[in-house]
Amino acid sequence: MNLYPFKFKPILKERLWGGTKLKDVLGKPIESDITGESWELSGVDGDISEISNGILAGTSLQELIQKEGQSLLGKSVVDRFGNDFPILIKFIDAKQDLSIQLHPNDELAKKRHNSFGKTEMWYVMDADPGAKLIVGFDKSVEKEEYVKSLEENTLLDLMNYEEVSEGDTFFINTGKIHAIGAGVLLAEIQQTSDVTYRVFDFNRKDKNGNLRELHTELALDAMDYSRKDDFKVDYPDTMDSINTMVDCPYFKTNFLELSTDMHQDISSRDSFTIYMCVGGEAEIGNDWGSARIKKGETILVAASSSRVEINTQGVKLLEVTI
C-alpha cells in the first residue's frame, strides 16, 4: 500500500472550559465558543481518526491498521499493543481552568476499566500573561489531609502552581494530581486512554445547571500524595538538531526547531513517527510522497518508511515515536 505521510480530520470537542484559540491561533474549523480539544490522532473507540489527504482520504485509522498493521505501526509496537493505536494526540485550549484530576496507572486502569492508564506530556504553545498549570502538591500530604481538604473546600491551598510561557514542557506521570489553567493553549501527547478521575471542578455547573461528576473514591488509591519535582522538562533546544524532551516506556518525544531542511534515515526505527507542528510550516516526505504541515497540524509517518525529509525555511516540530 502507498503509505505516504498521513494527515487526519480533527475531532473537535466542546468543553465547559473551552474557548476559541483552536480557531484563532491554530485555524481549526470550530463553530462553538467553547471548543476545548482537537483530537488530532486517535484510536479511542467512538473517536477514530480519519485520513484527510491523498488517495486514502476517508479511510479510518483502524482500517489502515487492519490492512497494514506492522508496516504502519512497526513490529515492536504490534507486539506490545496489537492493533490498538497506543498514542492519543491533542491540542487543548483552556479558556477557563480545567478540573483538578489525575489518571490511574496501567494496572489499576486495566482492573477497573479494561483500559490503558494515562501517562501524558504537555508542550505549551501559547499562554496569556500570568497563566498557570497545577502540577502536583505543594508539599507531600497524607491521605487524611487530602480528604479533609475536599471536605472543607480547601484543596486549592495544597496545590503546586507553575506559571508558564511558550515552550514550557511538563511530564505528567500517572497518579499526579494536575490541571491546565485558564489562558493556556498546549499540545498533549498521551497513552491511548480516556480514563480520568476528576476530584475538584471549582463547583461549576453545566448548561443544565448540574455539577459535573466527581470520582472522589476512585482517586483515593490512584493518587500519589508525595511532592516530587519530576514534572518540568528541561530539554535542549539546539537549532537544526534532534533534541530529546521525554523518553518513557509509552512514547519518546523530540523537539526540532529547523531553519533549513533535515533528512533522516529511519530505516532502523521500528515504530511509526508522529510530527506535531507547533510553529512555522514544512513539507514532510517519505518513500511514497509528502504532505504540507503548518502550526496546529499533525502528520503520521509509517514505520516502514526508510527516510523522512523535512523541507522548511522555519518550523518547530514535536517528533513522537514509541
Side-chain angles (χ1 to χ4, degrees), residues 15-18 34 36-37 92-122 124 127-128 130-164 168-184 186 188 190-191 193-233 248 250:
R15 297 291 188 243
L16 185 65
W17 39 262
I34 55 165
E37 301 184 12
I92 297 177
D93 170 26
K95 186 176 182 180
Q96 300 180 36
D97 296 324
L98 271 68
S99 63
I100 298 176
Q101 57 189 244
L102 62 132
H103 309 296
N105 61 26
D106 284 346
E107 182 181 2
L108 202 55
K110 180 69 174 177
K111 177 181 176 182
R112 290 178 173 173
H113 314 285
N114 195 31
S115 170
F116 293 118
K118 191 195 288 190
T119 297
E120 62 190 12
M121 67 169 284
W122 298 331
V124 177
D128 295 346
K132 297 179 175 67
L133 303 175
I134 289 175
V135 191
F137 291 103
D138 187 46
K139 60 180 180 63
S140 295
V141 301
E142 299 295 331
K143 182 186 290 189
E144 294 74 21
E145 183 181 1
Y146 163 76
V147 171
K148 184 179 179 182
S149 76
L150 291 181
E151 294 170 349
E152 297 180 352
N153 204 31
T154 58
L155 178 63
L156 295 177
D157 296 339
L158 300 180
M159 296 294 93
N160 172 57
Y161 298 87
E162 298 281 333
E163 190 166 329
V164 295
D168 287 346
T169 300
F170 294 82
F171 181 71
I172 312 296
N173 42 32
T174 56
K176 188 180 296 296
I177 196 167
H178 61 273
I180 302 171
V184 177
L186 56 76
E188 181 176 89
Q190 60 160 90
Q191 289 177 267
S193 170
D194 207 23
V195 179
T196 295
Y197 294 160
R198 187 184 302 123
V199 299
F200 182 70
D201 196 32
F202 303 93
N203 303 311
R204 288 181 294 204
K205 296 180 179 180
D206 64 20
K207 60 185 179 182
N208 298 316
N210 300 313
L211 295 170
R212 291 202 295 174
E213 181 185 5
L214 299 179
H215 310 97
T216 307
E217 293 299 320
L218 287 172
L220 289 177
D221 58 353
M223 185 178 298
D224 185 349
Y225 296 94
S226 60
R227 159 75 187 195
K228 293 176 181 172
D229 291 318
D230 59 353
F231 46 82
K232 186 76 179 284
V233 178
C248 75
Y250 306 106

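Remember, predicted model here, so these are calculated numbers, not experimental data.
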**Report entry** salt bridge (charged side-chain N to carboxylate O under 4.0 Å, His left out) partners of residues 130-141, not counting sequence neighbours, each pair once
**Finding:** Lys139-Glu145
Query raised in the report: Which residue pairs pass the ring pair (Phe, Tyr, Trp, His ring centres under 6.0 Å) test when at least one of the two sits in residues 131-161, sequence neighbours left out?
Result: Tyr146-Tyr225
To the nearest 0.5 Å, tell me how far [X] [atom1] sits from [Y] [atom2].
X: Ile172; Y: Ile180; atom1: CD1; atom2: CD1; answer: 8.5 Å
X: Phe202; Y: Gln96; atom1: CZ; atom2: CD; answer: 10.0 Å
X: Ile177; Y: Leu158; atom1: CD1; atom2: CG; answer: 8.5 Å
X: Thr174; Y: Met223; atom1: OG1; atom2: CE; answer: 12.5 Å
X: Leu102; Y: Leu218; atom1: CG; atom2: CG; answer: 9.5 Å
X: Thr154; Y: Met159; atom1: OG1; atom2: CE; answer: 10.0 Å

SB check [X] [Y] (cutoff 4.0 Å):
X: Asp224; Y: Lys228; result: yes
X: Asp230; Y: Lys176; result: yes
X: Asp229; Y: Arg227; result: yes

Query - salt bridge (charged side-chain N to carboxylate O under 4.0 Å, His left out) between Asp221 and Arg112, worked out - result: CA-CA 12 Å; Asp221 58 353; Arg112 290 178 173 173; 2.7 Å; yes
Report task. List the steps and the verdict of side-chain contact (heavy atoms from CB on, under 4.5 Å) for Trp17 and Lys95. Result -> CA-CA 6 Å; Trp17 39 262; Lys95 186 176 182 180; over 6 Å; no
Which atoms form the tightest heavy-atom contact between [X] and [Y], and what is the distance?
X: Leu133; Y: Gly181; result: CD2-N, 4.0 Å
X: Ala222; Y: Leu108; result: CB-CD2, 3.6 Å
X: Asn173; Y: Thr119; result: CA-CG2, 4.3 Å
X: Ala182; Y: Ala131; result: O-CB, 3.5 Å

**Report entry** Asp201: which of Arg204, Lys205, Arg198 passes side-chain hydrogen bond (donor to acceptor under 3.5 Å, both in side chains)
**Finding:** Arg204
Query raised in the report: Gln191 and Ser193: side-chain donor and acceptor closer than 3.5 Å?
Result: no
Report task. Test side-chain contact (heavy atoms from CB on, under 4.5 Å) on Thr216 and Leu150 and set out the steps. Result -> CA-CA 9 Å; Thr216 307; Leu150 291 181; 3.7 Å; yes
Report task. Run the ring-centre check on His113 versus Tyr197 and record whether the distance is less than 6.0 Å. Result -> yes
Indicate yes or no: at least one non-hydrogen side-chain atom of [X] is less than 4.5 angstrom from one of [Y].
X: Val184; Y: Val164; value: yes
X: Val195; Y: Lys118; value: no
X: Phe231; Y: Phe171; value: no
X: Gln101; Y: His215; value: no
X: Met121; Y: Glu188; value: no
X: Phe200; Y: Leu156; value: yes

Requested in this report: Look only at the side chain of Asp93 and the backbone of Gly36, and say whether a donor-acceptor pair between them is shorter than 3.5 Å.
Outcome: no
Query raised in the report: Are Leu16 and Arg212 close enough, and set up right, to give a side-chain contact (heavy atoms from CB on, under 4.5 Å), and what steps lead you there?
Result: CA-CA 10 Å; Leu16 185 65; Arg212 291 202 295 174; 4.2 Å; yes
Requested in this report: Check step by step if side-chain contact (heavy atoms from CB on, under 4.5 Å) holds for Leu155 and Ile100.
Outcome: CA-CA 9 Å; Leu155 178 63; Ile100 298 176; 4.2 Å; yes
Requested in this report: Under the side-chain hydrogen bond (donor to acceptor under 3.5 Å, both in side chains) rule, what do Glu120 and His178 come out as? Steps first, then yes or no, please.
Outcome: CA-CA 11 Å; Glu120 62 190 12; His178 61 273; 3.2 Å; yes
